[in-house]
Amino acid sequence: MKNKNLSNYRADIDGLRAFAVLSVVLYHAFPDFLKGGFIGVDIFFVISGFLITGHIFESLDKGDFSFTGFFVRRIRRIFPALILVMVASLLFGWFVLLSDEYAQLGKHVASGSAFIQNFTLSFESGYFDNQSESKPMLHLWSLAVEEQFYIIWPLIIWLTWKLRFNVIFVTIFVAFISFYMNMKFVDTNPVETFYWPVGRFWELLSGSVLAWLFLYKREQLTGISLHINSLFVGNTSTKKNPTRVWVTANAVSITGIVLLIVGVISMDRSMPYPSFWALIPVVGAVLIIFTDSNAWIKRVLLANPIATWFGLISYPLYLWHWPILSFLQIIEEHTPHRDARILAVVLSIFLAWLTYKFIEKPIRFGVFKNRFGALSLTFLMVFVGVVGYFISISDFKSYDHVFFKRASLENKFGSSLKWYEGKDNWLFLGNEYDNTVAKLKLSVVPSADEINEAVKPFEELAVVGSEYNTKIALIIGPNKSSVHGEYLPDELLPSEKRYISFFKSRFQEFENLVVYDPTDDLINKKSSEGLLYWRTNTHWNPKGCYIAYKGFTDLLGIPSPDVDFEPGPLHKGDLIYISKLYNFPLSLGDGWNIKWNRDISLSSTSITDQPETSFGVSEVVTNHSPLSEKTVWVIGDSFTAGLRPYLNATFKEVRYIGHWANNLDTLSSVLQRAENKPDLVLVVRVERSF
């Protein structure tokens, strides 16, 4: 028999909602100020698991649980504000976004309306995905996780209840499996672990366990609190007067609040997440909800009128704040000024209050409750999703429809910032990626701070490497436009001085660092060797890569493998998928197959604590008949993929240890700690990334 009604309003939980939503809003608006504010999402998960699972338990107890009734309540709660924000974003996006940007927004609205945005984002996290700040519907991933939970979990509870299984055992078991999967894959599959429900359900189930304890073990919990309290202040409380258990209640509440404060201050997005770090906000939220709402610290911090007001508007505030900040970022094209971000937050709060007062409350509880029934809201949501899908597969926006003429449009060719078409069916990467076009024209130049930040890790590596007789080398992967500039549009005039030259001049200062830029070698060879880059890809082809590799090994005095080339098949490159020009004409002549003139015997071992990178898995490759007895560490980007077969064919051991963006800053300390030092550390980095 239960002995606590979870349906009773608790102001402290609204205050906890306020803490959660304000943490997320401040993190998104001022990430350097509140680096761990993203944990507010985890707090929301715990609250949701506690309240909604508790209501399911109560309904099952009364014998009046209904799947229809459950989902009707969810629809009235979730759909009205969500529909409003998605429609507003589509309308505003029409005046702000380019065609491909608007198509992506349509796709995200469609997946948001179907509550699968978390999966959509996990599949978009590839090498050429645009930054998260330019995705106005990015934040709907957490709503998708929550709704996926409430599609699956009520059915599991209902079946468990009907079959008279132990509900709490099943809940804890599923939570354990989810937490285990989170810990197992957070390093090797960090994107999927972050977005997919399998690594997140344990957070909601933490609230579910707490709801079960409140409903069915309240007397035992009170008894434990009384016993702990008596250890501090004597036996002054009784079961008839449990509110006197003030020592336990306040101690537990303070512990929970301290955990949350420590989390938002000390955590940051460089940490693997969720992993065990998510225990900080989850345990903190559980401790706060667990204690009696009369605890003094909760009354002061969480149950005060300001906190509860923000808690009441927390859902529409969460929905509004990110699209506003995202569109501001898109328009400004750089981190907006502090004052602009403050105004964006104020506008978000104002719109959230309007939404709560005139949309959410009337439809959930007021005069429009029956008029806007669940069926009508479902129809509207489906309609918005269909419109979003139609936008995602269409290309009916032109440059003329962009009301805000952003600065980067000065470096735009064609209808997109992501790509542009050159001569003879060549595709090039657009200005959206690392200001590629602006750097090619030298309409931007790096600041002294940018140069220092880029060269510092190489300087540290060169110093540490010299202590252990380890050579440090950098291969620069030239932009396709730097090598095959003859296929650029006539109106695009590259600068005679290259952007990368600002950095190369600084690299020359470090004695133990060899820098090889193969651009001149590739330009000199292309007249006799043919095309060295794919027409529809951003990378060099196997022959262009080999020419660059041989130039590098000649520079170091290392033998290179003996190979020949024969024409390869038609190649559909990554720019086809970026531009969605799936019927773009392909031509022979830009691809080559490698013909090895020597047998190679290789074996490999995966490095389990490193995630897969854009150039393959992290692994150690051993050559049993190498050309060189040297051992090599390699970190790089996607340009490394073409170098892999040549590296493997040359050296005794090649250790691929991840992407430079994730490992370069710490590589010098890793080298210092390594028991077996390599002979060579090779960094491969594409020109445009500087």
Side-chain angles (χ1 to χ4, degrees), residues 100 127-128 130 408-446 454 474-504 516-527 529-545 547-548 551 571-579 581 584-587 589-591 614 636-643 684-690:
D100 50 355
Y127 186 71
F128 288 112
N130 54 311
S408 66
L409 298 182
E410 299 173 1
N411 298 300
K412 181 186 72 69
F413 293 87
S415 62
S416 176
L417 287 172
K418 293 184 177 181
W419 61 275
Y420 59 95
E421 185 174 351
K423 302 173 184 175
D424 296 340
N425 297 328
W426 278 64
L427 294 175
F428 292 89
L429 202 60
N431 198 55
E432 180 172 304
Y433 302 106
D434 302 308
N435 282 331
T436 301
V437 177
K439 291 175 181 177
L440 180 64
K441 296 164 56 179
L442 209 61
S443 59
V444 294
V445 294
L474 166 65
I475 294 180
I476 297 171
N479 297 337
K480 183 164 70 170
S481 54
S482 297
V483 176
H484 284 294
E486 66 271 23
Y487 295 106
L488 289 170
D490 288 333
E491 64 269 28
L492 178 50
L493 301 176
S495 168
E496 291 186 6
K497 181 176 182 179
R498 293 167 63 201
Y499 188 88
I500 190 66
S501 64
F502 292 93
F503 301 87
K504 288 169 62 177
Y516 176 59
D517 178 1
T519 305
D520 290 339
D521 289 344
L522 292 169
I523 291 174
N524 293 333
K525 289 280 187 179
K526 67 183 181 181
S527 59
E529 298 293 338
L531 299 180
L532 306 180
Y533 280 68
W534 283 297
R535 290 182 178 90
T536 61
N537 202 302
T538 54
H539 302 91
W540 43 30
N541 60 32
K543 182 183 280 191
C545 183
I547 292 171
H571 179 78
K572 184 177 287 189
D574 53 14
L575 281 161
I576 292 289
Y577 300 97
I578 292 171
S579 57
L581 299 175
F584 193 79
L586 303 178
S587 304
D590 62 348
S614 57
D637 49 32
S638 58
F639 265 66
T640 314
L643 293 169
V684 182
R685 186 167 172 183
V686 64
E687 175 184 351
R688 65 176 172 271
S689 70
F690 283 95

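No hydrogens, no waters, no symmetry mates; every other heavy atom, side chains included, goes into these values.
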Exercise. Ser443 and Glu410: side-chain donor and acceptor closer than 3.5 Å?
Worked result: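 No - no donor-acceptor pair under 3.5 Å links their side chains.
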
Exercise. Just by distance, do the side chain of Asn541 and the backbone of Leu531 share a donor-acceptor pair under 3.5 Å?
Worked result: yes

Exercise. Taking only residues two or more places apart in sequence, or in another chain, which ones meet Tyr516 in a side chain to side chain donor-acceptor pair (under 3.5 Å)?
Worked result: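 Only Asp521 meet the side chain to side chain donor-acceptor pair (under 3.5 Å) criterion with Tyr516.
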
For this session: Determine the minimum heavy-atom distance between Pro446 and Phe503, stating which atoms define it.
Result: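 Scanning both residues, the minimum pair turns out to be CB-CZ, 3.8 Å.
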
For this session: Apply side chain to side chain contact (heavy atoms under 4.5 Å, CB included) to the pair Tyr533 and Leu522, showing each step before the final yes or no.
Result: CA-CA 10 Å; Tyr533 280 68; Leu522 292 169; 4.1 Å; yes

Seminar exercise, completed: Applying side chain to side chain donor-acceptor pair (under 3.5 Å) to Ser416 and not counting sequence neighbours gives Asp100

For this session: Please name all residues satisfying salt bridge (Lys or Arg N to Asp or Glu O under 4.0 Å) with Lys504, sequence neighbours left out, ordered by chain then number.
Result: Asp517

Exercise. How many angstroms lie between atom CZ of Phe584 and atom CH2 of Trp419, to the nearest 0.5 angstrom?
Worked result: 7.5 Å

For this session: Would you name the heavy atoms of Leu474 and Phe690 that are closest together and state the gap between them?
Result: CD2-CZ, 4.1 Å

Exercise. Who pairs with Lys439 by salt bridge (Lys or Arg N to Asp or Glu O under 4.0 Å), at least two apart in sequence or on another chain?
Worked result: none

Exercise. How long is the span from the OG1 atom in Thr538 to the NZ atom in Lys480, to the nearest 0.5 Å?
Worked result: 7.5 Å

Exercise. Is a donor on one side and an acceptor on the other found under 3.5 Å between the side chain of Lys543 and the backbone of Glu529?
Worked result: yes

Exercise. Partners of Arg685 by side chain to side chain donor-acceptor pair (under 3.5 Å), sequence neighbours excluded?
Worked result: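 With sequence neighbours excluded, Arg685 shows a side chain to side chain donor-acceptor pair (under 3.5 Å) to Ser689, given in chain and number order.
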
Exercise. Side chain of Asn431, backbone of Ala438: donor and acceptor closer than 3.5 Å?
Worked result: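 Confirmed, Asn431 side chain pairs with Ala438 backbone.
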
For this session: Could you tell me whether the side chain of Ile578 reaches within less than 4.5 Å of the side chain of Glu432, counting heavy atoms only?
Result: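 No, their side chains stay 4.5 Å or more apart.
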
Exercise. Taking all atoms of both residues into account, what is the closest heavy-atom pair of Ser579 and Leu427, and its distance?
Worked result: OG-CD1, 4.1 Å

For this session: List in chain and number order the residues that pass side chain to side chain contact (heavy atoms under 4.5 Å, CB included) with Ser495, two or more places apart in sequence or in another chain; answer none if no residue qualifies.
Result: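 Listed in chain order: Leu442, Lys497.
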
Exercise. Can you check whether Tyr499 reaches Asn435 side chain to side chain, under 4.5 Å on heavy atoms?
Worked result: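 Tyr499 vs Asn435: side chains apart.
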
For this session: Answer whether the closest heavy-atom distance between the side chains of Trp426 and Pro489 falls below 4.5 Å.
Result: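 A side-chain contact is absent here, since even the closest heavy-atom pair is not under 4.5 Å.
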
Exercise. By side chain to side chain contact (heavy atoms under 4.5 Å, CB included), which residues pair with Asp490, not counting sequence neighbours?
Worked result: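 Side chain to side chain contact (heavy atoms under 4.5 Å, CB included) list for Asp490, sorted by chain: Lys423.
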
Problem set entry | Taking every non-hydrogen atom, the tightest pair across Ser482 and Thr519 | O-CG2, 4.0 Å

Exercise. Judged by atom type as modelled, is there a donor-acceptor pair below 3.5 Å linking the side chain of Asn411 to the main-chain atoms of Val437?
Worked result: no

Problem set entry | Option from Asp590, Asn537, Thr536 for which side chain to side chain donor-acceptor pair (under 3.5 Å) with His571 holds |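 The side chain to side chain donor-acceptor pair (under 3.5 Å) with His571 is passed solely by Asn537 among Asp590, Asn537, Thr536.
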
For this session: Sequence neighbours left out, what passes side chain to side chain contact (heavy atoms under 4.5 Å, CB included) with Glu486? Give chain and number order.
Result: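 So Glu486 forms a side chain to side chain contact (heavy atoms under 4.5 Å, CB included) with His484, Lys526.
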
Problem set entry | By side chain to side chain contact (heavy atoms under 4.5 Å, CB included) - contacts of Glu496 (at least two apart) | none

Problem set entry | Min side-chain heavy-atom separation Asp574-Trp534 under 4.5 Å | no

Problem set entry | Heavy-atom closest pair, residues Ser587 and Arg535 | O-NH1, 3.1 Å

Problem set entry | Check: Asn479 main-chain N/O paired with Glu687 side-chain donor or acceptor under 3.5 Å | yes

Exercise. Can you tell me how far the CG atom of Leu440 sits from the CG atom of Leu492, to the nearest 0.5 Å?
Worked result: 5.0 Å

Exercise. With Tyr420, which residues qualify under ring-ring contact (aromatic ring centres under 6.0 Å, His included), at least two apart?
Worked result: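 In terms of ring-ring contact (aromatic ring centres under 6.0 Å, His included), with neighbours along the sequence ignored, Tyr420 is linked to Phe413, Phe428.
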
Exercise. Just by modelled atom types, is the Tyr577 backbone N or O under 3.5 Å from a matching donor or acceptor in the Lys572 side chain?
Worked result: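 Not at all, since once roles are kept as given, no pair shorter than 3.5 Å links the two residues.
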
Problem set entry | Donor-acceptor contact below 3.5 Å, side chain Asp637 vs main chain Phe639 |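 It does hold such a pair.
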
